[in-house]
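Here is the structure we will look at, set down as C-alpha cells.
Remember, it's a predicted structure, so these values are computed and weren't measured experimentally.
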Amino acid sequence: MAVIMDGRKLSEEIKEKVKETVKELNRFKIDVGLAVLRVGENPASTQYYRAILRACQSVGITAYKYDLPENSSVNEILNTIKEINRDERINGLLVLFPLPKNINARRVVNEILPEKDIDGLGSISVGRLAADESSFQILKHGQYNMLNELRFMPSVASFLPCTPFGVIRLLDYYNIDLKGKHAVVIGKSLAVGKPLSMMLLAKEATVTVCHKSTKDLAQFTRQADIICSATGVRGLIKADMVKEGAVVVDIGIIVLDDGRIVGDVEFEEVKEKASYITPVPGGVGPLTIAMLLENTVRSARRNEFMKTPFMLE
Ligand SMILES: NC(=O)c1ccc[n+]([C@@H]2O[C@H](COP(=O)([O-])OP(=O)(O)OC[C@H]3O[C@@H](n4cnc5c(N)ncnc54)[C@H](OP(=O)(O)O)[C@@H]3O)[C@@H](O)[C@H]2O)c1
C-alpha cells in the first residue's frame with residue numbers, strides 16, 4: 001500500500017514561508033502585488049480564480065483583478081498587459097486560461113515581461129528552462145537567497161511554471177530520488193507535460209514523454225519508476241499499467257457531473273501497487289497556487305533588491 005503524498009501539507013508550509021516574507025517586505029513599506037487577468041467568465045477557471053484571490057488574502061499579497069469582457073479584442077488585452085507591466089506595485093501577472101477562441105494565447109503570454117511572468121509560460125521563460133538556465137531553481141529551491149540569485153543571473157530572472165514545479169517540490173518533499181530513474185510523463189502541453197519533462201531531465205531522470213499518438217501507452221508506463229500523468233482523461237492509468245513500487249503522480253483534474261473531482265489515475269487499485277501516490281484532490285492541485293504565491297513574492301524581493309540592494313539580505 002502506497003504512501004499518500006500530501007500536497008495540502010506541503011502547500012501550507014510553502015504559504016507560511018511566503019507569509020513571513022511578505023511581512024518582512026511590509027516592514028520596509030514594500031507591498032507585494034499579483035495581477036490576475038481574466039477574459040470573460042469561463043466556468044473552468046472560475047474556481048481557480050476564486051482560490052487564488054483567497055490565497056493571496058491569506059498570505060498578505062495584494063491581488064489586482066483585471067476582468068475583461070468575453071468580446072475583448074486582442075489589442076485591448078495587450079494594452080491591459082502593457083499597463084500591468086508598467087505598474088510598479090505589481091510583481092507578477094497570471095493570465096487565466098482558457099482565453100476566448102479568437103485570441104492567440106501565445107501572443108498574449110509573450111506580452112508579459114519575463115520578470116512578471118510568474119507562471120513561466122512566455123517564450124523567454126520556456127527557453128531559459130530548456131537551455132538549463134533555470135536548473136538552479138529546480139535543484140536548489142530550498143537554498144536560494146538574494147546573493148545566490150544574483151550570482152546565478154540571468155538564470156533566476158525567469159520563473160518556472162507553477163504546476164510542474166509543484167510536482168518537483170512534492171517529489172523532493174518525500175525524498176524521492178530522481179537521478180537515473182525512468183520517469184514517464186503523459187501529456188505534452190506547454191503548461192504541464194513539456195516543462196515537467198524538462199524539469200525531470202534537469203534532475204537527471206531518464207524521461208519518456210507520451211501523448212495521444214503514443215502507441216501502446218501501457219508498454220511505457222510499465223517500465224516507469226515514476227509516472228506523471230497530466231491528460232485530463234479519467235481512469236487512464238490502471239493498476240495493470242503500473243510497475244510494483246512505482247511512484248505515481250496524478251496531475252489530471254476532472255470535475256464530474258455530481259461535482260466530485262477525480263484524476264487520471266484509478267486511485268484505489270493503483271495505490272495497492274505503487275510505493276508513493278498523489279490523491280486527487282489534495283495532491284498536486286494545492287501546490288499550483290502555493291508556487292504561484294512563492295514565485296510572486298520572489299519577484300517582489302528581487303525587484304526591490306535591484307532598486308535598493310542593501311535593504312534585504
Ligand atoms: N493540478 C493542477 O493544479 C493542474 C494544473 C493544470 C492542469 N491540470 C490538469 O491536468 C490535466 C492536463 O492539463 P493540460 O493543461 O496539460 O491539458 P491539455 O493542454 O489538454 O493537454 C493534455 C495532454 O494530454 C495528452 N493526452 C490526452 N489524452 C491522452 C491519452 N488518451 N493518452 C495519452 N495522452 C493523452 C494530450 O496529448 P496531445 O498533445 O497529443 O493532444 C496533451 O498533451 C487536465 O486535467 C488539467 O485540468 C491540473
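Val22 places a side-chain heavy atom less than 4.5 Å from the side chain of Ile61. Annotation: side chain of Val265 is not in contact with side chain of Leu236 (no heavy-atom distance under 4.5 Å). With a 4.5 Å cut-off on side-chain heavy atoms, Val297 and Lys19 do not count as touching. Between Phe97 and Val109, the closest side-chain pair of non-hydrogen atoms falls below 4.5 Å. The shortest distance between side-chain heavy atoms of Asn110 and Val108 does not fall below 4.5 Å. Residues Ile251 and Asp264 fail the side-chain proximity criterion, which asks for heavy atoms closer than 4.5 Å.
Separating the CG atom in Leu170 from the CE atom in Met291 is a distance of 11.0 Å, to the nearest 0.5 Å. Distance check, rounded to the nearest 0.5 Å: CG of Asp117 to CG of Asn85 gives 10.0 Å. For the atom pair CD1 of Ile186 and OG1 of Thr231, the computed distance is 7.5 Å after rounding to the nearest 0.5 Å. A distance of 10.0 Å separates CG of Leu99 from CG of Leu68, quoted to the nearest 0.5 Å. With values rounded to the nearest 0.5 angstrom, Glu24 atom CD is found 9.0 Å from Ile30 atom CD1. A distance of 10.5 Å separates CG of Leu94 from CD1 of Ile84, quoted to the nearest 0.5 Å.
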Original post:
Can you list the steps and then say if Ile237 with Glu266 is a side chain to side chain contact (heavy atoms under 4.5 Å, CB included)?
Top reply: CA-CA 6 Å; Ile237 308 299; Glu266 287 290 359; over 6 Å; no
**OP:** Before giving the answer on salt bridge (charged side-chain N to carboxylate O under 4.0 Å, His left out), spell out for Glu12 and Lys9 the whole-Å C-alpha distance, their side-chain angles and the decisive distance to 0.1 Å.
**Re:** CA-CA 5 Å; Glu12 286 310 316; Lys9 185 162 175 277; over 6 Å; no
**OP:** Please step through side chain to side chain contact (heavy atoms under 4.5 Å, CB included) for the pair Val207 and Val185, ending with a clear verdict.
**Re:** CA-CA 7 Å; Val207 182; Val185 177; 4.2 Å; yes
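The minimum heavy-atom distance between Asn295 and Phe159, with the atom names listed, is O-CE2, 3.4 Å. In plain terms, the two heavy atoms of Leu93 and Ile112 that are nearest each other are CD2-CG1, 3.7 Å. Residues Gly120 and Val126 approach most closely at O-CG2, 3.8 Å, considering heavy atoms. The minimum heavy-atom distance between Val184 and Ala224, with the atom names listed, is CG2-CB, 3.5 Å.
For the residue pair Ser158 and Ser134, no side-chain donor N or O sits within less than 3.5 Å of a side-chain acceptor on the partner. Using modelled atom types and a 3.5 Å distance limit, the side chains of Arg106 and Ser123 yield a donor-acceptor pair. Ser229 and Asp250 are not linked by any side-chain donor-acceptor pair at a separation below 3.5 angstrom, with hydrogens and angles left out of the test. Counted by atom type alone, Ser45 and Asn42 present zero donor-acceptor pairs between their side chains at under 3.5 Å. For the residue pair Thr296 / Asn91, no side-chain donor-acceptor distance below 3.5 Å is found, with atom types taken as modelled. Looking at Gln137 and Arg298, their side chains do bring a donor and an acceptor atom within 3.5 Å of each other.
Between Lys238 and Asp240 there is no salt bridge, since no side-chain nitrogen of the basic residue lies less than 4.0 Å from a carboxylate oxygen of the acidic one. Between Asp258 and Arg260 there is a salt bridge, since a side-chain N of the basic residue sits under 4.0 Å from a carboxylate O of the acidic one. We find that Lys23 and Glu20 are not joined by a salt bridge, their nearest charged nitrogen and carboxylate oxygen being 4.0 Å or further apart. A salt bridge does not link Glu304 to Lys29: none of the charged side-chain nitrogens sits closer than 4.0 Å to a carboxylate oxygen. A salt bridge links Arg107 with Glu111: the closest approach of a Lys/Arg side-chain nitrogen to an acidic carboxylate oxygen falls below 4.0 angstrom. With respect to the salt-bridge test (charged N to carboxylate O, under 4.0 angstrom), the residues Lys271 and Glu268 qualify. With respect to the salt-bridge test (charged N to carboxylate O, under 4.0 angstrom), the residues Asp225 and Lys243 qualify.
Taking the ring axis of Phe165 as reference, the NZ or CZ atom of Arg169 stays within 45° of it and closer than 6.0 Å to the ring centre. Judged by the 6.0 Å distance and 45° axis criteria, Arg38 is positioned over the aromatic ring of Tyr49.
Hydrophobic clustering, with ILVMFWY side chains joined whenever heavy atoms are under 4.5 angstrom apart, keeps Met5 apart from Ile261.
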